[in-house]
Amino acid sequence: MIAAMAFTGLDYAVLVGYFIAIMAMGFYFWARNRSADDFTAGGRSLPGWLCGLSIFATYLSSISYLALPGKAFVDNWNAFMYSLAIPVAAAIAVRWFLPLYRSSGEVSAYSLLERRFGLWARLFASGFYLLYQIARIGVVMYLMALPMAVLFGWDIRVVILCTGVVVTVYSFVGGIVAVIWADAIQAIVLLAGALLALAILLMGMPGGPAEVLTVANENEKFSLGDSSFLILSKPTIWVVLAFGLFDNLRNFGVDQSYVQRYIASSSDKEAAKSVWVGALLYVPVSALFLFIGSSLYAYYEGHPQDLAEVRTIVAEQKLMQDGVSKEDADYSTLLLETSSKLKDEDLGDRVFPHFIAANLPQGVRGLLIAAVFAAAMSTVSTSLNSSATLVMSDFYKRLFRQDSTDAQHVGVLRMSTVAWGAMGTAMALALVRLTDSTLDVWWTLSGVLGAGIVGLFLLGVTVPRLHGGPAITAFAIGGVAIAWMTISQTNAWPEGWERYANPMDKLMTIVVGPCLMIAIGSIFAATGLVGDQTSRKDWSES
């Protein structure tokens with residue numbers, strides 16, 4: 001069992017100072033939240049570059065901050081194909097989606113679904129989004145806190161609670177303006193931390209950067225993966241590219257948190273700028289994190305004793321998840337058994353935080369750990385503000401109190417921020433005692449529902465005449481296909497039914513499902529089955 005690594009007084013000063021600065025920012029913007037529109041859209045007066053930095057910081061969650069280096073460490077740069085699809089998705093979002101949101105006058109992204117298909121579509125999308133954000137907040141905070149707890153000996157529950165309280169407070173008092181400004185600062189911290197870590201890593205190699213390039217290249221750590229065009233059963237570069245296009249359409253086209261940045265921008269031009277700043281910044285930064293992963297591979301190849309320590313850390317994490325206490329008599333035996341069974345894929349997400357803890361000097365270590373917290377906090381704060389916005393607009397105002405006042409709206413927004421912060425933090429605390437399989441189940445479910453929302457929006461854009469029953473039918477057929485493609489690749493699929501399982505890679509689910517909805521809708525439109533044309537408006541009329 002390894003000893004907790006040192007976190008010095010200077011490191012604590014940097015980390016605590018960062019937390020205090022973020023909290024102070026929230027209180028600074030308190031006075032600007034005079035109305036619900038200020039809280040949710042910042043008075044629609046923010047510059048595009050600022051909203052773009054917020055989009056970027058939200059995009060790069062703590063999961064990405066740790067997972068991208070881990071992916072390149074274990075495998076290669078296959079994930080970069082996902083990033084290369086971002087500019088195409090951003091262009092589609094700017095051309096077709098952004099004008100719809102800006103002209104609708106609504107702060108909810110899903111009010112457009114009601115205009116096109118009816119209230120059922122709005123409530124489906126909004127309800128799923130709210131449930132998804134609780135889980136997302138929990139997962140992001142948990143995966144951020146877990147390595148911190150094991151590396152430094154911190155109580156994981158204290159880490160989660162402190163992070164949850166800080167993010168909830170500055171989101172509560174400052175509204176979206178505080179969230180966006182905090183995101184912008186966190187984006188700078190993220191970039192500075194990553195660049196600093198890479199510089200220290202490269203300078204620490206005996207042969208310098210050349211050694212990294214040589215070792216990583218010899219082990220194909222810069223490869224983009226299999227280039228087979230017609231193979232859909234594994235994540236080839238084309239499968240990942242297709243997945244990246246549709247998943248980023250979900251992000252830039254239909255995600256409430258992104259839409260609020262568009263609405264908060266001062267003009268259509270500034271809103272478009274926010275999309276491009278967030279999108280184009282992420283592409284090179286994702287390459288930076290993948291290069292860090294390749295560099296870490298070269299580093300740990302020359303430091304096998306450090307890799308053995310990472311293996312022990314991961315084993316400790318797994319035992320913690322399983323509820324095994326270090327005080328148990330057979331803990332050392334279980335630790336050795338667990339460590340020996342680990343695969344390389346199990347180590348990837350932990351090499352970067354281990355390198356930070358073990359090799360960076362005082363103060364710098366605190367800055368990098370603050371960057372990991374920043375990645376989590378930017379995502380969580382965005383989730384809180386967007387969730388509160390939907391509770392107010394899609395449920396309270398739309399279903400219960402259509403004649404409610406602005407003061408009541410602000411009250412609902414603040415209460416919802418606290419409620420979702422509490423539920424997300426509770427979810428993170430619950431995950432402390434749950435296993436990885438539970439997380440896998442949730443991500444599977446979120447993939448199913450997320451593909452459904454993308455399909456609904458694309459159906460509305462590509463088949464503008466479709467309404468009512470035919471639209472519901474097209475959506476239902478696509479939803480069934482999405483569910484089959486997902487469930488048939490899990491343990492829930494009946495034994496003996498393997499021949500009826502989805503033969504494609506799981507990444508294709510979000511591609512095939514929406515495309516099937518569009519195809520069915522187009523067939524209905526071609527045959528004249530388009531539904532009641534008097535009860536709904538086309539988005540072009542918005």
Side-chain angles (χ1 to χ4, degrees), residues 1-7 62-76 135 138-160 219 221 292-293 296-359 369 372 376 427-444 489-492 506:
M1 183 169 58
I2 66 169
M5 298 180 181
F7 203 73
S62 58
I63 300 173
S64 300
Y65 203 87
L66 303 179
L68 284 177
K71 175 66 176 175
F73 176 88
V74 172
D75 198 358
N76 52 36
V139 170
V140 166
M141 288 203 296
Y142 168 70
L143 293 181
M144 172 273 300
L146 187 58
M148 301 300 105
V150 176
L151 285 171
F152 300 114
W154 299 340
D155 188 321
I156 188 171
R157 294 167 185 81
V158 173
V159 176
I160 290 172
N219 290 274
K221 293 301 174 182
I292 288 174
L296 286 169
Y297 177 85
Y299 174 85
Y300 282 100
E301 275 286 288
H303 299 80
Q305 70 282 2
D306 287 355
L307 189 60
E309 193 170 73
V310 175
R311 184 176 293 274
T312 303
I313 288 172
V314 175
E316 286 186 347
Q317 291 179 356
K318 287 187 174 295
L319 292 178
M320 178 188 294
Q321 289 175 296
D322 292 338
V324 179
S325 171
K326 293 183 178 181
E327 306 302 321
D328 293 351
D330 58 346
Y331 183 83
S332 297
T333 302
L334 289 173
L335 185 64
L336 288 174
E337 291 178 356
T338 304
S339 177
S340 65
K341 295 177 182 178
L342 293 176
K343 302 177 182 178
D344 289 343
E345 300 84 60
D346 298 321
L347 310 181
D349 293 353
R350 300 298 172 252
V351 291
F352 193 27
H354 175 269
F355 178 82
I356 292 171
N359 296 280
I369 296 303
V372 176
M427 174 65 74
L429 293 172
L431 290 174
V432 172
R433 291 300 183 187
L434 298 180
T435 63
D436 287 337
S437 61
T438 306
L439 300 181
D440 292 339
V441 170
W442 168 250
W443 291 127
T444 298
Q489 293 184 331
T490 67
N491 294 330
K506 61 184 179 181

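For clarity, every value in this text was computed on a predicted model and none was experimentally measured.
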K.L.:
Let me confirm one number: the CG-CZ distance from Leu335 to Arg311, rounded to the nearest 0.5 Å.
P.N.:
11.5 Å

K.L.:
State the CG-CG distance between Leu334 and Leu319, to the nearest 0.5 angstrom.
P.N.:
6.0 Å

K.L.:
What pair of heavy atoms forms the shortest contact from Phe73 to Gly348, and how long is it?
P.N.:
CD2-CA, 4.3 Å

K.L.:
Rounded to the nearest 0.5 Å, what separates atom CG in Leu296 from atom NE2 in His354?
P.N.:
11.0 Å

K.L.:
Measure the CG-CG distance between Leu336 and Asp330 for me, rounded to the nearest 0.5 Å.
P.N.:
11.5 Å

K.L.:
Do Lys318 side-chain atoms and Ile313 backbone N/O form a donor-acceptor pair below 3.5 Å?
P.N.:
no

K.L.:
What distance do Phe355 atom CZ and Tyr300 atom OH have between them, rounded to the nearest 0.5 Å?
P.N.:
7.0 Å

K.L.:
Restricting to non-hydrogen atoms, name the atom on Pro69 and the atom on Phe352 that form the minimum distance, rounded to 0.1 Å.
P.N.:
CG-CD2, 4.0 Å

K.L.:
Tell me whether Lys71 contacts the main-chain N or O of Asn76 through its side chain, where contact means a donor paired with an acceptor under 3.5 Å.
P.N.:
no

K.L.:
Listing request: all salt bridge (Lys or Arg N to Asp or Glu O under 4.0 Å) pairs with a residue in residues 296-305, at least two apart in sequence or in separate chains.
P.N.:
none

K.L.:
Nearest 0.5 Å, what's the CG-OG1 distance between Leu307 and Thr312?
P.N.:
9.5 Å

K.L.:
Closest approach of Met427 and Gly138, non-hydrogen atoms and distance?
P.N.:
CG-CA, 3.8 Å

K.L.:
On a heavy-atom basis, which atom in Lys221 and which in Val74 lie closest, and how many Å separate them?
P.N.:
NZ-O, 3.0 Å

K.L.:
Ignoring hydrogens, what is the shortest heavy-atom contact between Ala145 and Val159? Give both atom names and the distance.
P.N.:
CB-CG1, 3.6 Å

K.L.:
So, for Val310 and Leu347, which heavy atoms are closest and what is the spacing to 0.1 Å?
P.N.:
CG1-O, 4.2 Å

K.L.:
What pairs with Lys506 under salt bridge (charged side-chain N to carboxylate O under 4.0 Å, His left out), at least two apart in sequence or on another chain?
P.N.:
none

K.L.:
Using side-chain hydrogen bond (donor to acceptor under 3.5 Å, both in side chains) as the criterion, list what pairs up with Tyr299, not counting sequence neighbours.
P.N.:
Asp306, Asn359

